[in-house]
Trainee: 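Below is the structure I would like to discuss, written out as structure tokens.
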Amino acid sequence: MEQYRRIWKERVEEALSAVAEEEGHTIDRDAVAAETPPSSELGDIGFPMFPFARVFRTSPQNIAGKVAERIADRYASASQAPGTVTQEGPYVNAKLDRPSVFANVLDTVLSAPEQWGRTGREEGRRVMVEFSCPNTNKPLHLGHLRNDALGESVSRMLDAAGATVRKVNLINDRGIHICKSMLAYLKLGEGSTPESEGKKSDHFVGDYYVKYEELVRENPKVADEAADLLRRWEQGDPEVMELWKRMNDWAVSGIEESYRATGVTFDQIYLESETYTSGRDEVLRGLEQGVFFRAEDGSVWVDLEDVGLDKKVLLRSDGTSLYLTQDIGTAIARYRDWPFDRLIYVVASEQRYHFQVLFTVLSRLGFEWADSLYHLAYGMVNLPHGKMKSREGTVVDADDLLAELQELAAQEIHNKERADVVGDVPATARSIALGALHYYLLQATPNKDMVFDPAASISFTGNTGPYLQYMGARISSIVRKSHGVQIAPWEELDLSVLSAPEEWDLIKLVSSFPDTVSEAASELNPALLANHLYDLAKLFSRYYHEHPVITNDDPALRGARLALCRAVAHTLRAGLPLIGVPFLETM
RNA sequence: GCGUCCAUAGCUCAGGGGAUAGAGCAACUGCCUUCUAAGCAGUAGGUCCCAGGUUCGAAUCCUGGUGGACGCGCCA
């Protein structure tokens with residue numbers, strides 16, 4: 001659709017300039033804007049004439065009339081983007097030649113469906129995306145799910161837009177939090193294992209973290225013991241290292257199981273235990289260069305007050321690294337490992353300040369690529385009845401939530417008596433659960449806080465993932481059943497039979513799908529794509545209720561409509577996975 | 001105290017200079033002998049937080065308020 005807009009904008013600019021010249025005016029071509037009229041009846045591309053009223057000293061209606069008259073039928077049978085132009089009030093509106101658009105778009109989609117939606121807008125760009133970054137003291141929760149959904153979706157969209165994407169994870173496997181779980185295990189574990197308890201391994205570790213919280217409430221001195229464990233870990237105490245390894249393996253393998261279940265993958269996984277001292281040398285180098293300063297107690301600081309930030313500590317007085325120090329080190333290491341044009345950190349918006357500081361410090365250290373760092377901040381996920389608070393036990397566990405959604409989906413399959421048709425009920429229920437979850441998390445603008453309502457997400461009516469999956473399944477069913485019906489071959493199809501308004505609106509939505517993908521990719525906003533696919537599904541749903549496809553009497557109409565159905569199906573098939581929603585043939 | 005982000009229908013969210021501000025949920029009314037009713041159509045629901053400003057034109061941009069969230073650790 002984008003190319004049509006470009007071509008017609010050019011034509012309108014030319015006509016407007018010509019009219020202006022005849023009347024002795026000059027216009028600013030940049031003031032010509034291509035917009036979308038509120039309904040297809042008015043036209044397909046609209047050009048408001050308001051900005052030119054002043055130079056012409058007449059009404060926009062008047063100008064629109066003259067411009068429209070000049071263009072009118074001039075391009076009615078142009079070889080490229082044929083169509084006509086009308087005046088609609090103060091607007092000049094282009095109406096595309098429908099059969100040629102149908103032919104064009106359908107041919108593009110159907111001849112290379114696996115390429116549909118893939119563009120070259122980000123061609124040649126190397127983009128690293130960091131996301132997830134779990135702690136190893138407890139399993140993933142709902143907040144991680146938003147993070148993972150965003151990271152995956154943004155990565156897939158960038159890939160579809162032609163970028164070379166590298167997904168990285170940084171597992172926070174060291175520090176006081178894991179020592180707390182370790183301590184509780186030492187006190188209460190009695191050699192038990194996830195296997196002996198029959199628990200998913202990361203939940204097993206997480207349970208000891210909860211037990212630690214109970215222990216420290218009873219006896220605050222337990223905190224000192226945890227700190228002591230951390231000291232022994234840092235000294236490399238073999239006994240502590242052995243336990244640390246064991247518990248980390250449990251935590252990480254459990255988390256990886258969750259990744260597999262949700263379709264999350266990484267190209268590289270960094271471990272904090274291997275990177276936590278990095279950045280120290282960089283800070284010392286910065287100190288020598290006079291970028292930083294040393295306080296009396298030996299700690300190293302950066303003063304960012306001139307750019308509206310604070311003074312921040314970069315090295316403790318004992319010379320050890322902090323979170324910020326480590327992030328400096330890992331950023332540098334990553335650029336060395338895989339030079340990027342852009343590094344996107346998918347991290348909660350609470351850490352905005354941290355990233356401002358990080359980016360500024362890297363820039364002051366002289367890394368010109370510091371400008372390519374971007375913090376994709378996303379808002380908190382709240383629950384209908386308030387916030388998630390670990391102390392109040394209202395944190396929604398990722399695995400539990402997914403299991404609950406899957407159960408609800410399975411029930412629904414049975415209620416609708418679809419089990420026989422669907423075949424593998426658990427697998428289908430799992431796909432529906434994922435679709436529900438990911439669509440709900442991604443249809444909201446990343447930046448904003450959101451309320452996650454599990455019941456609403458899986459609800460099978462309305463603006464939900466399952467609704468989109470249902471439409472995909474319905475079209476697939478129509479396409480499947482078409483095999484037993486006589487259809488005119490593609491070369492002989494008469495596309496002018498596609499005369500319903502819905503058909504025209506459908507093909508326009510289909511044709512702008514690649515534009516939406518690349519826009520959503522460059523804006524790093526999956527919600528744009530989610531909304532587009534919803535509009536498409538919604539419109540198709542209305543359409544096929546009123547317009548029989550394979551049960552139609554007219555073979556010409558059957559063939560043309562089926563081609564349109566296929567194109568819509570391919571669009572959903574290509575688009576849904578980009579927002580983490582599995583495409584289903586049957587449900 | 002300072003900083004960042006947010007405010008649109010009863011609720012959850014779209015729309016981010018341009019044509020009558022849109023969906024979904026919830027409420028009410030119709031539609032299954034017909035490609036899956038997990039659906040479709042319809043009714044009702046709005047001072048786009050407030051006040052100024054910029055503009056031919058502001059829900060959208062700017063300034064100032066108000067309300068809310070989150071930051072401002074030798075935590076991560």
Side-chain angles (χ1 to χ4, degrees), chain A residues 33 35-39 42 46-54 59-60 88-91 93 133 135 172 175-177 272 295 297-301 308-310 312-327 348-354 356-357 377 379-380 382 384 387 409 412-413 415-418 421 432 440 443-445 447-453 455-464 466-467 469-471 473-482 485 527-528 530-531 534-535 538 541-552 561-562 565 586-587:
Chain A
E35 291 166 1
T36 307
S39 103
L42 292 169
F47 302 90
M49 291 294 120
F50 304 103
F52 313 105
R54 185 175 296 182
S59 69
E88 300 289 343
Y91 292 85
N93 283 356
C133 303
N135 287 349
N172 195 346
I176 193 68
H177 55 274
E272 195 186 278
D297 63 3
S299 54
V300 177
W301 295 68
L309 304 169
D310 286 346
K312 300 291 292 185
V313 183
L314 296 174
L315 283 179
R316 293 193 183 91
S317 47
D318 65 5
T320 57
S321 296
L322 287 97
Y323 177 54
L324 183 59
T325 328
Q326 172 193 313
D327 262 1
S349 55
E350 341 173 287
Q351 296 198 39
R352 280 200 162 98
Y353 187 77
H354 168 76
Q356 274 183 26
V357 172
M380 298 201 321
N382 297 314
K387 297 181 164 196
E412 193 64 17
I413 291 171
N415 290 345
K416 302 285 173 195
E417 298 180 340
R418 299 289 300 165
V421 190
I432 293 171
Y440 201 97
Q443 51 82 31
T445 304
N447 185 35
K448 296 189 191 181
D449 289 356
M450 67 179 294
V451 174
F452 182 83
D453 183 345
S457 81
I458 195 78
S459 160
F460 298 103
T461 59
N463 187 355
T464 65
Y467 174 82
Q469 291 174 307
Y470 177 63
M471 287 327 303
R474 288 304 302 270
I475 307 173
S476 301
S477 170
I478 292 171
V479 171
R480 265 197 310 276
K481 291 186 174 172
S482 73
V485 180
L528 299 179
N531 289 330
Y534 175 71
D535 290 342
K538 171 101 183 112
S541 186
R542 184 180 356 136
Y543 168 68
Y544 87 101
H545 264 270
E546 314 238 325
H547 300 83
V549 181
I550 50 176
T551 55
N552 203 287
R561 285 185 176 169
L562 190 66
C565 286
T586 54
M587 65 184 281

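Fair warning: this is a prediction, and the values are worked out from it, not measured in the lab. First the proteins, then the strands, lettered A, B, ... as listed; each starts at 1. Worth knowing before you read on, the calculation uses all heavy atoms, side chains too, and leaves out hydrogens, waters and symmetry mates.
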Trainee: Taking any heavy-atom pair under 4.0 Å as a contact, classify A:I475: base, sugar-phosphate, or nothing.
Mentor: nothing
Trainee: Could you check whether A:N447 gets within reach of a base, just the sugar-phosphate, or nothing at all, counting any heavy atom under 4.0 Å?
Mentor: sugar-phosphate
Trainee: If you compare every side-chain N and O of A:R561 against the phosphate oxygens of B:rC35 (OP1, OP2), does one of them come in below 4.0 Å?
Mentor: no
Trainee: Does a side-chain N or O from A:Y353 land closer than 4.0 Å to OP1 or OP2 of B:rA76, or not?
Mentor: no
Trainee: For the P atoms, the ones on B:rG24 and on B:rU43, what distance do you get once it is rounded to whole angstrom?
Mentor: 12 Å
Trainee: Under 3.5 Å, is there any donor-acceptor pair linking the side chain of A:N93 to the base of B:rA19?
Mentor: yes
Trainee: Where the side chain of A:K387 is defined as all heavy atoms beyond and including C-beta, which of B:rC70, B:rU4, B:rC40 is the nearest nucleotide?
Mentor: B:rC70
Trainee: Do A:Y353 and A:D310 have side-chain heavy atoms sitting under 4.5 Å apart?
Mentor: yes
Trainee: Considering residues at least two apart in sequence or located in another chain, which fulfil the side chain to side chain donor-acceptor pair (under 3.5 Å) criterion with A:Q356?
Mentor: none
Trainee: Calculate the interatomic distance between A:N382 atom CG and B:rG68 atom C1'; express it in whole Å.
Mentor: 11 Å
Trainee: Under 4.0 Å, heavy atoms only, any strand: does A:N172 hit a base, just the sugar-phosphate, or nothing?
Mentor: sugar-phosphate
Trainee: What residues form a salt bridge (charged side-chain N to carboxylate O under 4.0 Å, His left out) with A:E412, not counting sequence neighbours?
Mentor: A:K416
Trainee: Does A:Y323 have any side chain to side chain contact (heavy atoms under 4.5 Å, CB included) partners at least two apart in sequence or in another chain, and if so, which?
Mentor: A:D327, A:Q351, A:H354
Trainee: Just checking A:E272: base, sugar-phosphate only, or nothing, at a heavy-atom cut-off of under 4.0 Å?
Mentor: sugar-phosphate
Trainee: Using atom names, set out every protein N or O paired with an N or O of nucleotides 41-45 of chain B below 3.5 Å, distance rounded to 0.1 Å.
Mentor:
| from | atom 1 | to | atom 2 | distance (Å) |
| --- | --- | --- | --- | --- |
| B:rA41 | OP1 | A:R542 | NE | 3.1 |

Trainee: Indicate, with a heavy-atom threshold strictly under 4.0 Å, whether A:A473 touches base, sugar-phosphate, or nothing.
Mentor: base
Trainee: If I pick the C1' atom on B:rA69 and the same atom on B:rC49, what distance separates them, to the nearest angstrom?
Mentor: 16 Å
Trainee: Show the numbers, then the answer: is there a side-chain contact (heavy atoms from CB on, under 4.5 Å) between A:I432 and A:I458?
Mentor: CA-CA 8 Å; A:I432 293 171; A:I458 195 78; 4.2 Å; yes
Trainee: Can you tell me the distance, in whole Å, between the CZ atom of A:R474 and the C1' atom of B:rC40?
Mentor: 11 Å
Trainee: Taking atom C1' in both B:rU8 and B:rA58, what distance in whole Å separates the two?
Mentor: 14 Å
Trainee: Do any N or O atoms from the side chain of A:S541 and from the backbone of A:K538 form a donor-acceptor pair under 3.5 angstrom?
Mentor: no
Trainee: A:T551: what forms a side chain to side chain contact (heavy atoms under 4.5 Å, CB included) with it, not counting sequence neighbours?
Mentor: A:P548
Trainee: Go through the structure and list residues passing side chain to side chain donor-acceptor pair (under 3.5 Å) with A:N463, not counting sequence neighbours.
Mentor: A:Y439
Trainee: Whole angstrom is fine here: how far is it from NZ in A:K448 over to P in B:rU8?
Mentor: 8 Å
Trainee: Return yes if the base of B:rU36 and the side-chain atoms of A:R418 contain a donor-acceptor N/O pair under 3.5 Å, otherwise no.
Mentor: yes
Trainee: In whole angstroms, how far is the P atom of B:rA14 from the CG atom of A:D535?
Mentor: 14 Å
Trainee: With sequence neighbours excluded, tell me which residues meet side chain to side chain donor-acceptor pair (under 3.5 Å) with A:N135.
Mentor: A:N172
Trainee: Rounded to whole Å, how long is the line connecting atom NZ of A:K312 with atom C1' of B:rG3?
Mentor: 12 Å
Trainee: Rounding to the closest angstrom, what is the interatomic distance between B:rG1 and B:rG18 at atom C1'?
Mentor: 42 Å
Trainee: Quick test: give all pairs of protein nitrogen or oxygen and nucleotides 55-59 of chain B nitrogen or oxygen below 3.5 Å, distance rounded to 0.1 Å.
Mentor:
| from | atom 1 | to | atom 2 | distance (Å) |
| --- | --- | --- | --- | --- |
| B:rC56 | OP1 | A:R54 | NH1 | 3.4 |
| B:rC56 | OP1 | A:R54 | NH2 | 2.0 |

Trainee: Taking 4.0 Å as the cut-off, does a side-chain nitrogen or oxygen of A:T461 come that near to OP1 or OP2 on B:rC25?
Mentor: yes
Trainee: Keeping the roles fixed (side chain from A:D453, backbone from A:P384), state whether a donor-acceptor pair exists under 3.5 Å.
Mentor: no
Trainee: Who pairs with A:R352 by side chain to side chain donor-acceptor pair (under 3.5 Å), at least two apart in sequence or on another chain?
Mentor: A:N447
Trainee: Roughly how many Å apart are B:rC50 and B:rG67, using the P atom of each and rounding to a whole number?
Mentor: 15 Å
Trainee: Just call it for A:V549: base, sugar-phosphate, or nothing, with non-hydrogen atoms closer than 4.0 Å on any strand.
Mentor: base
Trainee: Could you work out which one of B:rC35, B:rC40, B:rA14 sits closest to the side chain of A:T445?
Mentor: B:rA14
Trainee: Return the nearest nucleotide to the side chain of A:R316; candidates are B:rC35, B:rA19, B:rC75.
Mentor: B:rC75
Trainee: Checking contacts here: which listed nucleotide (B:rC13, B:rA76, B:rC40) is nearest the side-chain heavy atoms of A:S541?
Mentor: B:rC40
Trainee: For A:K416 and B:rU36, give me the distance from atom NZ to atom C1', rounded to whole Å.
Mentor: 10 Å
Trainee: Between B:rU4 atom C1' and A:M380 atom CE, what is the distance in whole Å?
Mentor: 14 Å
Trainee: Where the side chain of A:L528 is defined as all heavy atoms beyond and including C-beta, which of B:rU36, B:rC35, B:rG15 is the nearest nucleotide?
Mentor: B:rG15
Trainee: Heavy atoms only, 4.0 Å cut-off, all strands: where does A:A53 land among base, sugar-phosphate and nothing?
Mentor: nothing
Trainee: Quote, to the nearest angstrom, the P distance that separates B:rA14 from B:rA23.
Mentor: 16 Å
Trainee: Check whether any side-chain N or O of A:R418 sits under 3.5 Å from a backbone N or O of A:I413 as a donor-acceptor pair, and report yes or no.
Mentor: no
Trainee: Applying a 4.0 Å non-hydrogen cut-off, can you work out what A:Y440 is touching in the nucleic acid: base, sugar-phosphate, or nothing?
Mentor: sugar-phosphate
Trainee: Among B:rG71, B:rA38, B:rC75, which is the nearest nucleotide to the side chain of A:L322?
Mentor: B:rC75
Trainee: Closer than 3.5 angstrom, by distance alone: can the side chain of A:Q443 be matched with the main-chain N or O of A:Y440 as a donor-acceptor pair?
Mentor: yes
Trainee: Give the rounded distance in Å between these two atoms: CG of A:D310 and P of B:rU4.
Mentor: 13 Å
Trainee: Mind checking what makes side chain to side chain contact (heavy atoms under 4.5 Å, CB included) contact with A:T325, not counting sequence neighbours?
Mentor: A:V283, A:L315, A:S321, A:L322
Trainee: Taking salt bridge (charged side-chain N to carboxylate O under 4.0 Å, His left out) as the definition, give me every residue that meets it alongside A:R316, ordered by chain and number, with sequence neighbours left out.
Mentor: none
Trainee: For B:rU60 and B:rG52, measure between their P atoms and round to the nearest Å.
Mentor: 13 Å
Trainee: Any stems for RNA chain B, made of 3 or more Watson-Crick or G-U pairs in a row, each with both distances under 3.5 Å?
Mentor: B:1-7 with B:66-72, B:10-13 with B:22-25, B:27-31 with B:39-43, B:49-53 with B:61-65
Trainee: Among B:rA14, B:rA23, B:rC40, find the nucleotide with the atom closest to the side chain of A:N463.
Mentor: B:rA23
Trainee: If you only use heavy atoms from C-beta on, which nucleotide in B:rA76, B:rA37, B:rG71 is closest to the side chain of A:Y470?
Mentor: B:rA37
Trainee: Between B:rC5 and B:rG10, how far is it from one P atom to the other, in whole Å?
Mentor: 28 Å
